[in-house]
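Each remark here refers to the structure printed beneath this line.
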Amino acid sequence: MLAPNGENIAIPSRKHRVLIAMLALAGGKPVPRSRLAGLLWPEQSEEHARNSLRQALFAIRHAVEGHGPSPVVIDHASGWIEKGALASDADALAEAAATGWLDLSGDSYDGEFLEGLSFQDEALDTWLHIERDRHRDRLIDCLTGFAAAMEKAGDAGQALAAARCTLLHDPYHEPAHRVILRGHLERGERARALRHCDTLQALLESGLGVSMDAETRRLVDHVRGETGGAPDSRPAPDHPAPDGRPAQNRPRVAVLPMVNLSRNEALDGVSETLTRRMIAELGRFSPISVVAAATMLALRAKDLTIEEIGRRVNAAYVVELSYEAAQQGGAVLVQLASVDSGTQIWSRRYPATALDAPDGQDRLIRAIVGSLYQILMWHAAGDADAEPRDNAGSEQIYLQVFYHIQRPTRAGMELTRRLCDRLLLADPRHVLVRESLAWTNFHCAFNGWTDDPQEAFRQARDMVLAGLRLNDREPYLLSALGLAQTYLGDSRAGLDALRRAVDLNPNDAEFHTWLGTGLTCAGRIEEAHAAFDLADQTNPDYHPVFLFRADAHLSAGEFERAIAGLDRFLAVLPEYHWARLLRAAAHGALGEAETARAGVDHVRQTVPSLDGRYLRRLLLAREAGYRDWLTERLGAAGLP
């Protein structure tokens with residue numbers, strides 16, 4: 001839910017979000033309170049259900065206070081939303097169905113209805129599935145008609161976009177596959193057309209055990225006859241990413257349906273829900289590509305090796321999930337395997353004591369996908385010490401950029417700038433390269449690798465704003481913008497951008513960490529630690545959180561805790577100068593002058609320009625008392 005100015009309005013309760021959806025779907029017509037209460041709280045008595053409804057309506061009205069009048073209207077018998085008071089993607093789809101025009105430039109039609117929500121209540125879950133089926137059918141009908149109209153009008157680009165969007169929701173939709181095949185032929189892309197023929201045939205045979213219909217078969221025969229040769233066996237290209245980049249070049253992962261290895265039959269129904277939700281949450285990470293749930297669930301009955309699965313769905317990685325019985329309530333075992341080698345590259349066992357509770361599922365899935373993403377990206381980046389070859393693809397270059405941003409050195413930042421220049425030259429619309437350039441500036445500012453840290457922050461902000469003009473819903477860009485704004489002294493704008501990043505992807509420890517950093521700079525230390533706790537829950541191995549939580553400890557005078565965190569961070573990045581200086585200040589505050597001086601001397605030998613004046617420029621956004629304390633403490637340890 002967004003306010004008129006674009007600010008996010010937090011509605012944390014799932015049932016409250018569904019209540020808003022129910023009223024919005026009514027098209028301005030009153031919905032009886034008895035129906036709302038009965039659907040949302042069927043397990044309660046009528047009196048208690050009505051009381052829960054009153055509390056929900058009050059909570060929604062409270063959430064929108066300060067953003068304008070509440071769109072929800074209630075009386076003693078009904079609740080409704082005045083027509084036109086609230087815009088929704090569902091209304092936009094209904095209008096598109098009436099007008100015949102779809103705007104496919106954003107991501108409004110990528111997910112399912114109320115994506116990610118599930119309930120244990122049978123009545124509510126039934127309502128949810130009915131609505132999902134209804135909206136999915138309307139969307140596919142609308143996309144199919146739009147694709148046909150665009151083909152007839154000669155707009156192959158819009159037709160292809162509509163067909164690919166259709167396949168996100170129904171990978172077996174043959175009319176959409178035919179649009180794609182005709183589009184490839186029209187543009188002379190015969191090899192891509194052949195690959196798509198092979199992928200379509202394998203998809204139908206492996207997923208449904210059926211052959212193509214007659215019209216599709218005639219088109220496929222035409223494609224193969226048109227090319228005059230044997231089909232190209234390489235996998236077909238994937239759907240484009242939201243920023244327009246081909247998804248097949250990003251690390252692509254397939255999540256196998258969870259296997260219940262226990263005797264608890266009640267978990268059989270939970271397994272599919274967990275699989276679907278995990279695929280949906282993993283799909284929030286824009287640097288990777290995730291195979292759709294419908295495709296993976298269709299493969300569950302097949303006896304296939306990791307290599308065969310990878311070939312079937314064009315994935316480089318496969319995730320295996322299993323539930324195992326244990327004395328302490330069971331565990332979910334997660335294993336990540338490489339398709340190329342057929343070997344396991346990572347595994348972890350997670351306690352599963354609350355799988356029957358939605359919040360328990362949330363915590364479990366968040367912890368799994370947060371760690372999975374980092375491990376997958378690290379493995380995909382591989383050994384990235386050398387500059388890529390001249391013929392390297394854009395995503396290969398981006399993975400090396402990712403490697404150096406995660407392991408920053410002065411030489412690595414110089415190489416990163418060159419790689420980013422190559423990326424922008426080859427692909428000016430590559431969104432994430434802007435975030436990488438911003439982080440290059442951040443690392444240089446914190447380590448004294450630039451003349452003016454404030455200018456580095458300004459350049460980072462400008463780079464990110466250029467990326468947001470291409471995609472204003474990319475959380476990595478919003479997070480980098482939030483940090484830049486924070487260190488430039490605009491704490492309010494910084495925190496707003498950082499919270500938007502967390503809202504878009506709460507599964508990435510990075511976003512919680514930078515939100516905690518923004519809160520630290522704003523002097524809100526208790527809230528900062530709450531954000532750092534969420535980062536730990538999401539990925540306990542995400543090392544930057546140790547540095548920035550230590551900064552919060554230092555601000556609060558908790559010097560021993562700060563040193564413990566900085567030691568953990570420096571064990572991973574021993575040459576990160578900002579961490580060494582903070583640790584030196586903490587040792588100095590504890591009266592350990594010799595240790596503090598050794599830390600400052602180490603930094604001064606490497607970067608003589610990193611002095612007290614530089615630090616004051618770096619920390620312009622921090623409270624004056626903290627700046628004075630830090631520079632005074634480091635001055636006592638030998639920092640000029």
Note to self: Evaluate Leu139 against His169 for side chain to side chain contact (heavy atoms under 4.5 Å, CB included), listing each step before the verdict.
What the structure shows: CA-CA 9 Å; Leu139 174 58; His169 302 274; 3.3 Å; yes
Check: What do the steps show when you test Glu272 against Arg276 for salt bridge (Lys or Arg N to Asp or Glu O under 4.0 Å), and what is the final call?
Finding: CA-CA 6 Å; Glu272 179 174 332; Arg276 285 184 177 276; 3.2 Å; yes
Notebook entry, point to check: Are Arg17 and Leu114 close enough, and set up right, to give a side chain to side chain contact (heavy atoms under 4.5 Å, CB included), and what steps lead you there?
Noted result: CA-CA 9 Å; Arg17 295 206 293 272; Leu114 292 183; 5.7 Å; no
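Here the side chains of Val255 and Val291 are not in contact, with every heavy-atom distance at 4.5 Å or above. Considering only heavy atoms from C-beta on, Ile74 comes within 4.5 Å of Arg33 through its side chain. Using a 4.5 Å heavy-atom threshold, the side chains of Trp127 and Val18 count as touching. Counting only heavy atoms from C-beta outward, the side chains of Arg349 and Glu324 approach each other to under 4.5 Å. Using a 4.5 Å cut-off on side-chain heavy atoms (C-beta onward), Trp346 and Leu376 make no contact. A heavy-atom distance below 4.5 Å is not found between the side chains of Leu143 and His173. Looking only at side-chain heavy atoms (C-beta outward), Tyr476 and Phe285 come within less than 4.5 Å of each other. Looking at Arg61 and Val72, their side chains never come closer than 4.5 Å, going by heavy atoms from C-beta outward.
Among pairs with a residue in residues 530-539, those fulfilling salt bridge (Lys or Arg N to Asp or Glu O under 4.0 Å) read Asp533-Arg549, Asp536-Arg549, at least two apart in sequence or across chains.
Partners of Glu43 according to the side-chain hydrogen bond (donor to acceptor under 3.5 Å, both in side chains) rule, which considers only residues two or more places apart in sequence or in another chain, do not exist here. Residues satisfying the side-chain hydrogen bond (donor to acceptor under 3.5 Å, both in side chains) criterion with His67, sequence neighbours excluded, are absent altogether. Scanning for side-chain contact (heavy atoms from CB on, under 4.5 Å) contacts around Arg407 gives Trp378, His543, Val572, Leu573, with sequence neighbours left out. Residues that satisfy the ring pair (Phe, Tyr, Trp, His ring centres under 6.0 Å) test with His129, not counting sequence neighbours, are absent from this structure. Residues meeting the ring pair (Phe, Tyr, Trp, His ring centres under 6.0 Å) test with His135, sequence neighbours left out: Phe113. Scanning for side-chain hydrogen bond (donor to acceptor under 3.5 Å, both in side chains) contacts around Trp514 gives Glu510, with sequence neighbours left out. Residues passing the salt bridge (charged side-chain N to carboxylate O under 4.0 Å, His left out) test with Arg54: none are found, sequence neighbours excluded. When the salt bridge (charged side-chain N to carboxylate O under 4.0 Å, His left out) test is applied to Arg366, no partner is found at least two apart in sequence or on another chain. Under the side-chain hydrogen bond (donor to acceptor under 3.5 Å, both in side chains) criterion, Trp80 pairs with Glu82, sequence neighbours left out. Remark: His529 pairs with His553 by the ring pair (Phe, Tyr, Trp, His ring centres under 6.0 Å) rule, at least two apart or across chains. Annotation: ring pair (Phe, Tyr, Trp, His ring centres under 6.0 Å) contacts of Tyr542 (sequence neighbours excluded): none.
Minimum interatomic distance between Leu399 and Ala381 (heavy atoms only, all atoms of both residues): O-CB, 3.5 Å. The shortest heavy-atom contact between Ala90 and Leu25 is CB-CD2, 4.0 Å. Considering all non-hydrogen atoms of both residues, Pro506 and Thr538 come closest at O-OG1, 4.1 Å. Of all heavy-atom pairs between Thr275 and Leu256, the closest is CG2-O, 4.1 Å. Contact record, Pro540 with Phe546: O-CZ, 3.9 Å, taken as the closest heavy-atom pair.
For the residue pair Glu281 / Asn507, a side-chain donor-acceptor distance below 3.5 Å is found, with atom types taken as modelled. No side-chain donor-acceptor contact under 3.5 Å links Asn539 and Tyr373.
A salt bridge between Arg311 and Glu307 is absent, with no side-chain N of the basic residue lying under 4.0 Å from a carboxylate O of the acidic one. The pair Arg50-Glu46 counts as a salt bridge, with a side-chain nitrogen and a carboxylate oxygen less than 4.0 angstrom apart.
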